[in-house]
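The block underneath contains the structure these notes are about, expressed in structure tokens.
One-based numbering along the sequence shown.
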Amino acid sequence: MRRWKVQSCVVLLMAMAWHLAWAGDRPPRIWILPFDNPEADASVAHLEEAIPALLAVAMSQSDQHAVVDRRHLNQVLAEQSLTLEGLTAPNARREVGRLLGATVMIGGSFVKRGQDLLLTMRASDAETGMVTATAEARGPAGQPGRLVSELYRRLARDLGRRLPDLHSDQIDEAPVSNLHFMRGLGYYYSARYNQALAEFLQATREKQLADISRLWLANSYLAQDEYGHAYLELSRLRLGGSRNFRKDEIEAKMRVCEAHLSAEGVETIRELATRQASAKE
């Protein structure tokens with residue numbers, strides 16, 4: 001019996017050591033919360049979802065940190081019978097953060113002051129709920145991305161390796177100052193896909209924004225099961241040879257579309273995309 005107990009303890013200790021080693025190897029996991037709009041200003045309401053989405057898009061390019069996936073969050077909220085609005089209580093946020101495996105929470109608030117936007121960004125420890133860094137700035141309401149970039153870098157500097165240090169092109173060269181794109185993100189993440197499509201379509205008219213806006217057009221179509229339209233946008237991206245996105249991400253989305261389209265439909269869309277690409281040259 002003693003020998004069995006010793007063996008059992010050894011196995012348990014080995015399992016614990018493996019678990020701790022595995023947990024230590026995991027990258028910090030960041031949960032980006034919707035930003036508060038305390039004055040309920042409809043003219044900037046899209047920023048509630050657009051700011052977190054912009055941060056998530058930029059941080060997803062880092063392989064040193066993980067960002068909580070929105071689908072995972074929705075699943076956990078459903079299991080806990082909660083909504084995003086129900087996360088205002090600190091205890092609820094900590095519990096959901098624990099279930100998500102988050103280590104850092106990023107949130108904040110904004111208010112419009114004339115033509116300016118006053119933006120506050122906070123980072124909190126997901127386990128204790130304590131605020132570990134905060135930053136505030138004011139700038140033109142029509143260029144919210146510049147504020148997002150400035151404040152995020154302050155948080156990353158103050159927290160060191162707990163947040164990814166983004167390269168300049170990951171935010172500054174992204175469509176952060178384009179209101180159509182920002183509104184599109186806000187509409188997309190609040191499941192208002194038709195409005196998101198209209199905004200992303202407007203954003204494609206700017207050369208710098210064309211590729212990333214086309215990707216989000218495809219995402220909006222996919223969210224509504226409009227596989228033909230999504231496949232066309234993805235085909236345009238693939239033909240354009242953009243380096244802004246991972247090839248496997250585009251291919252995976254195209255396979256989803258192909259599973260819902262006929263072979264004839266796929267071929268027709270490909271030919272259309274090729275003709276449109278040739279017409280631009």
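Annotation: the span from Trp31 atom CH2 to Thr103 atom OG1 amounts to 12.5 Å, rounded to 0.5 Å. Atom CG in Leu232 sits 10.5 Å away from atom SG in Cys257 (nearest 0.5 Å). In this structure, CG on Asp158 lies 9.0 Å from OG1 on Thr132, to the nearest 0.5 angstrom. Remark: Arg205 CZ to His180 NE2 distance equals 8.0 Å, nearest 0.5 Å. Atom NZ of Lys112 and atom CG of Leu118 lie 13.5 Å apart (nearest 0.5 Å). The distance from atom CD of Glu233 to atom CD of Glu226, rounded to the nearest 0.5 Å, is 11.0 Å.
Pairing each heavy atom of Pro38 with each of Val111, the nearest pair is CG-CG1, 3.7 Å. Residues Pro34 and Pro52 come closest through the heavy atom pair CA-CG, 3.7 Å. Closest approach of Glu136 and Arg154 over heavy atoms only: O-NH1, 3.0 Å. Heavy-atom minimum distance, Gly228 versus Leu261: N-CD2, 3.9 Å. Minimum heavy-atom separation, Ala123 to Val104: CB-CG1, 4.4 Å. Minimum heavy-atom separation, Arg214 to Thr204: N-CG2, 4.0 Å.
One finds a salt bridge joining Glu39 and Arg113 here, because a Lys/Arg side-chain nitrogen approaches an Asp/Glu carboxylate oxygen to under 4.0 Å. A salt bridge between Arg192 and Glu199 is absent, with no side-chain N of the basic residue lying under 4.0 Å from a carboxylate O of the acidic one. Electrostatic pairing of Glu258 and Arg255 does not count as a salt bridge here, judged by no charged N lying under 4.0 Å from a carboxylate O.
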>> Working note: Asn37 + Leu47, criterion side chain to side chain contact (heavy atoms under 4.5 Å, CB included); need CA distance, chi angles, decisive distance, verdict.
In response: CA-CA 8 Å; Asn37 180 12; Leu47 296 178; over 6 Å; no
> Can you list the steps and then say if Lys253 with Leu215 is a side chain to side chain contact (heavy atoms under 4.5 Å, CB included)?
Replying inline: CA-CA 10 Å; Lys253 293 179 187 294; Leu215 176 62; 4.2 Å; yes
> For Asn194 and Gln224, what are the C-alpha separation, side-chain angles and deciding distance, and is it a side chain to side chain contact (heavy atoms under 4.5 Å, CB included)?
Replying inline: CA-CA 9 Å; Asn194 285 330; Gln224 299 183 95; 3.3 Å; yes
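Tracing side-chain contacts under 4.5 Å through hydrophobic residues (I, L, V, M, F, W, Y), one never reaches Leu217 starting from Tyr187; they form parts of separate clusters.
Across Asp41, Leu119, Asp36, a single residue satisfies side-chain contact (heavy atoms from CB on, under 4.5 Å) together with Phe110, and that is Leu119.
Between Phe200 and Phe181, a ring centre-to-centre spacing shorter than 6.0 Å is recorded.
Side-chain heavy-atom separations under 4.5 angstrom define the hydrophobic clusters, and Val131 shares its cluster with no other residue.
For Tyr227, the side chain to side chain donor-acceptor pair (under 3.5 Å) test picks out Asp225, with sequence neighbours left out. Tyr221 meets the ring-ring contact (aromatic ring centres under 6.0 Å, His included) test with His229; sequence neighbours excluded.
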